[in-house]
There are 2 protein chains.
Amino acid sequence: MELSDRKKAILQAIIEDYIQSAEPVGSRNIAKNHDLGLSAATIRNEMADLEEMGYLDKPHTSAGRIPSEMGYRFYVDSLMHRYSLTMEEITSLQSSMDRKYSQLENVISEISEIISKTTNYPAIVELPAENSCRLKSVKMMLIEQGSVLIVVVTDAGVVRNRHMKVGSNIDYEVVDSISEFLSGQLTGLCAEDFTPARLMLIYEAMASYGDFLKTVIEFVLECLGNSKSRVYIGGASNILNNPEFENIDRAREFLTFIDRKENVSRMLSLTESGNDEHISIKIGSENQAPEMRDTSLVVANYNVGGKLYGKIGIIGPKRMNYARVVSSLELINSQLSEILSRMLYGDKE
Amino acid sequence: MELSDRKKAILQAIIEDYIQSAEPVGSRNIAKNHDLGLSAATIRNEMADLEEMGYLDKPHTSAGRIPSEMGYRFYVDSLMHRYSLTMEEITSLQSSMDRKYSQLENVISEISEIISKTTNYPAIVELPAENSCRLKSVKMMLIEQGSVLIVVVTDAGVVRNRHMKVGSNIDYEVVDSISEFLSGQLTGLCAEDFTPARLMLIYEAMASYGDFLKTVIEFVLECLGNSKSRVYIGGASNILNNPEFENIDRAREFLTFIDRKENVSRMLSLTESGNDEHISIKIGSENQAPEMRDTSLVVANYNVGGKLYGKIGIIGPKRMNYARVVSSLELINSQLSEILSRMLYGDKE
DNA sequence: GTTAGCACTCGAAAAGGTTGAGTGCTAACA
DNA sequence: TGTTAGCACTCAACCTTTTCGAGTGCTAAC
């Protein structure tokens, strides 16, 4: 059953008042503060209807109404207006992100700080996970007598390295020739191409360096394997600024939940991924975790060079200013993509 | 003025009872639960003395006594017994740390999780900072047409890398010869050795690749520069399990403080560093932050290969089981040193 | 269909009362 | 002289009761 325009207007007024005040909204307030041309009594009738239809809840008989999850869902899908960030907000955000980042980990933690400062909610940043990697380059270098560094580059642009102890009989030239050889054998392969038959050939060709080869190949495979996506959470304590977390037990329950990264990962995996532009909003129980019952998750996807995927987002009370959060995340997201592609692929701005 | 043995025994009893119960301790309870052979009235007199001397506080007239900061200080310095972890505790801790770590960041976050799980307090892990680096090795590799990877290894065993875009005129052999050349020129140097005169010579020798050289040298310098130590905090919500944080405003104040890494860094810098074995305890206001007024910081130093330094620790209520925390940190610390040296220098166990 | 009016509901906050753990002090005791 | 029993006093914590007011649902009039 379709909602009449009048019901929509009332629903919107209630939700927006509630987002603002965190107090159940009564019919009188709606009549007074919104120019709907209706009396409190009429609004009361409509509210009773909206409640019956499932868009509103009542904490108890003599309180006002609060939006139900269905109400919020309808609001973000159909009623919410776009929020335009002010010029100051935009420039301040941009300038806070306009600095030189040298390491991936730094970017992640800085970004999460920026997100939580901008929105005043706990921020989530997912470290990019590599997808379907091919080996672009593998090289060994003798660092000093007995110690070799393995460097692996995948086509996602990700570089990893590992130290390896080797016998002192191995000198510069041996390392170079093994490096050359393995590079020729392995470049361009993905994990599935490492068949026993192929490995056998490699080992046979350089049988006297079996241990050496084995360590390198193991490491390469580790790099090609789908890396676990990692999750970073910043500004968790921000959630305590919201009246729904005045209760210490509730606060503890939520913060303990958030502290465990696997919980956050699981929720992130429930949000849509892929499409660069899309922002997904999961309200309360849609996150399938009881600890999230009065919070929502807002997530944006980023994507660098078509190879690296990740997500950024926030967790706020269901009663959050969705429009504003969405706009902020969109802006931060686009900046982040730029920073990362500059950093990982050396693109000039 | 020296404390009599009897006063010491009473002080210790009070502190240990308070650590256990978090409730002000009364004279009657001490008399009943501890075999001091004294009546409540006598203990009352001694308590009045201890209060006058500054070792005890009274929340209000008709409550029991609680230890003052001076009381805690005296306790950890002179009264506290060593706590011996049980065999089960030791083996369970060891087995939880006995897995393969592949990346530094993983170790850090896993360790912080282990610390906070073991102690039930928020954990702090400081990422190792490098000291006084020398360049051990620098190498460039052509990853694909137009894209070069710079790999830098310092004598602290730390490896960093960066992508660099180059003109398409630069091929495999050019990269190799520049790599060879720079390696010869720069290996063994520390940041101070990069004098203008020396740089001039380098630029002149390969004038046609000026941009290329400049980028590499900048990156090398960045790697040699003292890296900012970074701090990782895990299990912050654990603090909420303690009755001193029942009050939501107090909880928010503390968690907000802890969320800002620079606050934690500043506190860490107040603790002693250097000596590998030493554990330092800062009680309440000794941390010089009002937000820490009823918490203590317990920190252990670790040190890998004489080159990498860092700290691990916890923040708990002043009323924590110091003895137990100290023992746990000692054990975790020694395991961590092993893990890191294995990882960074490839040492076999 | 809309609105004014009114009785009713129920949580939040304020006010008052009770309880009990703990203290300090005094006087008696070894 | 140090120790102890006894007693009056204090005060936060808890419980109960009362008051208050925002909000509702329903009815009757417009």
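Convention: sequence-line order gives letters A, B, ...; per-chain numbering from 1. Fair warning: this is a prediction, and the values are worked out from it, not measured in the lab.
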Separation of [Y] [atom2] from [X] [atom1] (nearest 0.5 Å):
| X | Y | atom1 | atom2 | result |
| --- | --- | --- | --- | --- |
| I281(B) | D77(B) | CD1 | CG | 8.0 Å |
| S327(A) | L93(A) | OG | CG | 11.0 Å |
| I239(A) | I258(A) | CD1 | CD1 | 8.0 Å |
| N120(B) | N321(B) | CG | CG | 11.5 Å |
| L331(A) | T118(A) | CG | OG1 | 8.5 Å |
| N238(A) | I314(A) | CG | CD1 | 10.0 Å |

(request) Take R82(A) and S84(A) through the side chain to side chain contact (heavy atoms under 4.5 Å, CB included) test and state the conclusion after the steps. (result) CA-CA 6 Å; R82(A) 262 199 89 72; S84(A) 296; 5.7 Å; no
In this structure, how many angstroms lie between the [atom2] atom of [N] and the [atom1] atom of [X], rounded?
| X | N | atom1 | atom2 | result |
| --- | --- | --- | --- | --- |
| I14(B) | dT23(C) | CD1 | C1' | 13 Å |
| L36(A) | dT3(C) | CG | C1' | 15 Å |
| N33(B) | dG22(C) | CG | P | 11 Å |
| E51(B) | dG22(C) | CD | C1' | 13 Å |
| I30(A) | dT2(C) | CD1 | P | 17 Å |
| L50(B) | dG24(C) | CG | P | 12 Å |
| I66(B) | dA12(D) | CD1 | P | 14 Å |
| H60(A) | dG25(D) | NE2 | P | 13 Å |

(message) Please evaluate residues I315(A) and N287(A) with respect to the criterion side chain to side chain contact (heavy atoms under 4.5 Å, CB included), reporting the C-alpha separation (whole Å), side-chain torsions for both, the decisive distance (0.1 Å), and the verdict.
(response) CA-CA 11 Å; I315(A) 296 179; N287(A) 292 294; over 6 Å; no
(message) Once salt bridge (Lys or Arg N to Asp or Glu O under 4.0 Å) is applied, what residue pairs with a partner in residues 31-48 of chain A remain, sequence neighbours excluded?
(response) R6(A)-E46(A), K7(A)-E46(A)
Output one line per pair: protein atom, nucleotide atom from nucleotides 27-30 of chain C, and distance, for all N/O pairs under 3.5 Å.
none

(request) For F74(A), check ring pair (Phe, Tyr, Trp, His ring centres under 6.0 Å) against everything at least two apart and list the hits. (result) Y55(A)
(request) Just say parallel, tilted or perpendicular for the rings of F245(A) and F254(A), cut-offs at 30° and 60°. (result) tilted
(request) Give a yes/no on whether any side-chain N or O of K58(B) is located under 4.0 angstrom from OP1 or OP2 of dG24(C). (result) yes
Polar pairs (N or O, both sides) under 3.5 Å between protein and nucleotides 2-4 of chain D?
| residue | atom | partner | partner atom | Å |
| --- | --- | --- | --- | --- |
| dT3(D) | OP1 | R6(B) | NH1 | 2.5 |
| dT3(D) | OP2 | R6(B) | NH1 | 3.4 |
| dT3(D) | OP2 | R6(B) | NH2 | 2.9 |
| dT4(D) | OP2 | S39(B) | N | 3.1 |
| dT4(D) | OP2 | S39(B) | OG | 3.2 |
| dT4(D) | OP2 | T42(B) | OG1 | 2.4 |
| dT4(D) | O5' | S39(B) | OG | 3.4 |

(request) Can you spot which of E244(B), E69(B), E286(B) makes a salt bridge (Lys or Arg N to Asp or Glu O under 4.0 Å) with K318(B)? (result) E69(B)
Can you tabulate the close N/O pairs, meaning under 3.5 Å, that link protein atoms to atoms of nucleotides 21-23 of chain D?
| residue | atom | partner | partner atom | Å |
| --- | --- | --- | --- | --- |
| dG23(D) | OP1 | N29(A) | ND2 | 3.4 |
| dG23(D) | O4' | S62(A) | O | 3.4 |
| dG23(D) | O3' | A63(A) | O | 3.4 |

(message) Can you tell whether the side chains of E291(A) and R260(A) come within less than 4.0 Å, N to carboxylate O?
(response) no
(message) Side chains of S39(B) and T42(B) only: does a donor on one sit below 3.5 Å from an acceptor on the other?
(response) yes
(message) Defining pairs by Watson-Crick or G-U wobble geometry with both distances under 3.5 Å, how would you list the stems of DNA chain D with at least three pairs each?
(response) C:1-30 with D:1-30
